[in-house]
Structures are given as C-alpha cells and as structure tokens.
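Only one structure is covered here, and it is reproduced in the block below.
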Amino acid sequence: MNEKIRWDPEKDAWLIENRRVSFKSVQEIIEDGKELDVIPNPSSNHPYQFVFVVCLRAMVHLVPYSEDDRGLFLITIIPHPEFNELYLA
C-alpha cells in the first residue's frame with residue numbers, strides 16, 4: 001500500500017473512547033496487507049465508497065473510506081459481528 005492514509009483526529013479520539021478501536025490500528029492492518037476483504041459500501045447513500053473489512057479485538061469491523069488524489073480517507077469503524085461467521089470461521 002503506497003497511498004497515504006488519512007482520517008479525522010477527532011473521530012479517531014471518539015472511536016478510541018467509545019469503541020476502543022483506532023484508525024492507527026486499521027492503518028497498520030492495511031499497510032501489512034492483512035485486511036480480510038474490500039467490498040463496495042453496502043449503503044445506497046454512498047455508492048462511490050468502498051469498505052475495508054478488518055479484524056479488530058477478535059471481531060469483524062467495517063471501515064468505509066473515500067479515495068482521492070491525496071490517498072485514502074478512513075471515515076469510521078463499525079463493529080459488525082454478523083460478519084464474524086463469514087470472515088473468521
């Protein structure tokens with residue numbers, strides 16, 4: 001992964017405090033090539049976004065992102081335990 005990965009520091013602080021996950025952890029997973037999948041954003045409100053599927057704290061999380069000429073922008077981190085069976089079984 002040669003693209004710059006960015007995020008909102010305030011959102012990151014909120015994620016750390018409320019969900020105990022961080023964009024830095026996601027960045028490391030992406031840079032190490034250890035994401036479980038990359039899928040189109042399932043939300044019809046964001047047809048041009050994609051989603052990294054990653055494992056954090058032994059649970060699948062979805063990380064929607066946008067991409068532009070400056071690299072990737074991570075939007076949020078959403079726990080998605082329903083995907084555990086599909087990706088972690």
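If you're wondering where the values come from, they're calculated on a predicted model, not measured in any experiment. The figures that follow rest on heavy atoms only: side chains count, while hydrogens, waters and symmetry mates do not.
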Do L74 and I30 have side chains that approach each other closer than 4.5 Å (heavy atoms only, starting at C-beta)? yes
Any side-chain heavy atom of P81 within less than 4.5 Å of one from V60? no
Return the minimal non-hydrogen interatomic distance between A58 and L88, and the atom names on each side. O-CD1, 4.1 Å
When you measure from the side chain of H61 to the backbone of M59, do you find a donor-acceptor pair of N or O atoms at a distance under 3.5 Å? yes
Rounded distance (nearest 0.5 Å) linking atom CH2 of W14 with atom OG1 of T76: 6.5 Å
Nearest 0.5 angstrom please: I77 CD1 to W7 CH2, how far? 9.0 Å
Using side-chain heavy atoms (C-beta onward) and a distance below 4.5 Å, is V53 in contact with Y87? yes
Do I16 and V21 have side chains that get closer than 4.5 Å, going by heavy atoms? no
Backbone N or O of S43 within a donor-acceptor pair of the N41 side chain at under 3.5 Å? yes
For atom CD of E85, decide whether the heavy atoms of other residues, nucleotides or ligands shown that lie under 6.0 angstrom number more than 12. no
Roughly how far, to the nearest 0.5 Å, is CD of E35 from SG of C55? 13.0 Å
With sequence neighbours excluded, residues passing ring pair (Phe, Tyr, Trp, His ring centres under 6.0 Å) with H80: F83
Answer yes when K4 and D68 have at least one side-chain N-carboxylate O distance shorter than 4.0 Å, and no when they do not. no
Among the clusters formed by ILVMFWY side chains lying less than 4.5 Å apart, do F50 and V54 turn up in the same one? yes
Could you note down all residue pairs passing salt bridge (Lys or Arg N to Asp or Glu O under 4.0 Å) where residues 8-29 supplies at least one of them, sequence neighbours left out? none
With sequence neighbours left out, write down each residue that passes side-chain hydrogen bond (donor to acceptor under 3.5 Å, both in side chains) with S22, or none if nothing qualifies. S25
Look at the side-chain heavy atoms of Ile, Leu, Val, Met, Phe, Trp and Tyr, link any pair under 4.5 Å apart, and say whether I75 and V38 land in one connected group. no
Side chains of L56 and V26: does their closest heavy-atom pair fall under 4.5 Å? yes
Does the ring centre of F52 sit less than 6.0 Å away from the ring centre of Y65? yes
Treating Ile, Leu, Val, Met, Phe, Trp and Tyr as nodes and any side-chain heavy-atom pair under 4.5 angstrom as an edge, say whether L62 and L15 lie in one connected cluster. no
